[in-house]
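Read the structure below first, then the notes.
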Number of protein chains: 2
Amino acid sequence: MYICLSMKSTNLYKGSLVTIILKLLNEHDKMYGYEITQKVKEITKNELQLTEGALYPALHKLEAQGLLDVEASKVGNRVRKYYKLTEAGTKETVEKLAELESYIRNMRALVNPKFRNE
Amino acid sequence: MYICLSMKSTNLYKGSLVTIILKLLNEHDKMYGYEITQKVKEITKNELQLTEGALYPALHKLEAQGLLDVEASKVGNRVRKYYKLTEAGTKETVEKLAELESYIRNMRALVNPKFRNE
DNA sequence: AAGTAATACATAGAATTTATATGCATAAAT
DNA sequence: ATTTATGCATATAAATTCTATGTATTACTT
């Protein structure tokens, strides 16, 4: 019904979608797109709502890059596409998580002088 | 000499440039562009190097939005453009910092189950 | 029973942000 | 004398995400 749920007003989340997807798949083994959007809403208490216009293309790209495998599954008359990490995807997840920690460390240092000691 | 210093390989920093600029100006009162790039390098121990192709347009935009004031200053035969926060800029800084904290909280919850309890 | 909301996929085009690659010029260091 | 650092700038490309759609099934509500 044509209502678009967006990544809030801030654009800090730009660049973090892949990290989110990989980490959730790393934790849950196998998920489908819609399930990912709901899980993100739940964990962030509605503060972050992924847009489908960003999520689905991202999933397709990760699959094309060999980081995800897909498996279609019929539930009633409706199709779900379950995604799971490949081996390469698992490695990439580790890298992305390290990048996130580095990002958070640097941003904290930039905005909070008391985090600047080493 | 045409060497371009970039925001590293990750794209997590997308969307955080404005936050960085505002916070540094909030702390240092008055800074010029090149000085900002050096301060960021120093604080992040070279992990983050702002590109001038992103920084200067961002400064111009913040000025056009009324968040920054500019004052040109000659040092020898060279011109520096000092930027400082306007009142609106100071308010915006507070908002941007709150958004960053919210972002970090949500991302931590997403990637680390132990941060999910409230 | 009918209408609405939720589930579940998808895509095209716009918008936003940043990177790349330049350009010019002065001052300092080798 | 030459290179590096300082200091500004911009245009185009690249990357990511948003907006606005579209289709279809299932569940819920009145």
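- At a cut-off of 3.5 Å, with distance as the only test, a side-chain donor of B/S102 or A/E47 sits close to an acceptor on the other residue.
- Put simply, the side chain of B/T86 gets close to the backbone of B/G66: a donor and an acceptor are under 3.5 Å apart.
- Within the 4.0 angstrom heavy-atom criterion, base atoms lie near A/G53.
- Along DNA chain D, the nucleotide nearest B/Y56 and the nucleotide nearest A/G15 are compared for position; the residue whose nucleotide lies closer to the 5' end is B/Y56.
- Following rounding to the nearest Å, B/Y82 (OH) and D/dT6 (C1') show an atom-to-atom distance of 12 Å.
- Whole-Å rounding puts the B/L59 CG to D/dT10 C1' distance at 14 Å.
- Applying a 4.0 Å cut-off to non-hydrogen atoms, the residues of residues 62-81 of chain B that approach DNA chain D are B/R78, B/V79, B/R80, B/K81, listed by residue number.
- When rounded to the nearest whole Å, the span between CD1 of B/I20 and P of C/dT17 equals 14 Å.
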Apply salt bridge (Lys or Arg N to Asp or Glu O under 4.0 Å) to B/K81 and B/E35, showing your working. CA-CA 10 Å; B/K81 290 175 77 174; B/E35 189 183 9; over 6 Å; no
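- Which of C/dT20, D/dT10, D/dG7 sits closest to the side chain of B/Y34 comes down to D/dG7.
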Apply side chain to side chain contact (heavy atoms under 4.5 Å, CB included) to B/E27 and A/V111, showing your working. CA-CA 9 Å; B/E27 193 183 325; A/V111 304; over 6 Å; no
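- Atom CG of A/L50 and atom P of C/dC9 are 13 Å apart (whole Å).
- One can find a donor-acceptor pair under 3.5 Å joining the base of C/dT16 and the side-chain atoms of A/K14.
- In this structure, A/T51 does not reach the D/dT17 phosphate: none of its side-chain N or O atoms is under 4.0 Å from OP1 or OP2.
- Per the geometry, NZ belonging to A/K61 stands 7 Å off P belonging to D/dA15, to the nearest Å.
- To the nearest angstrom, C1' of D/dT16 lies 15 Å from CG of A/L22.
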Would A/E63 and A/L59 satisfy side chain to side chain contact (heavy atoms under 4.5 Å, CB included), going step by step from the backbone distance to the final call? CA-CA 6 Å; A/E63 185 199 350; A/L59 288 172; over 6 Å; no
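- No donor-acceptor pair closer than 3.5 Å links the side chain of A/R80 to the backbone N or O of A/K74.
- B/L17 places its CG atom 5 Å from the P atom of C/dT18, with the value rounded to the nearest Å.
- Comparing D/dG7, C/dA10, C/dT16 by their nearest atom to the side chain of A/H60 picks out C/dA10.
- A close approach under 4.0 Å does occur between a side-chain nitrogen or oxygen of B/N11 and OP1 or OP2 of D/dT16.
- Atom-to-atom, CD of A/E52 to C1' of D/dT19 comes out at 12 Å; the value is rounded to the nearest Å.
- Dashed line: the shortest gap from a side-chain N or O of B/Y32 to OP1 or OP2 of D/dC8 is not under 4.0 Å.
- The minimum heavy-atom distance linking B/L24 with B/I36 is given by the pair CD1-CG2, 4.1 Å.
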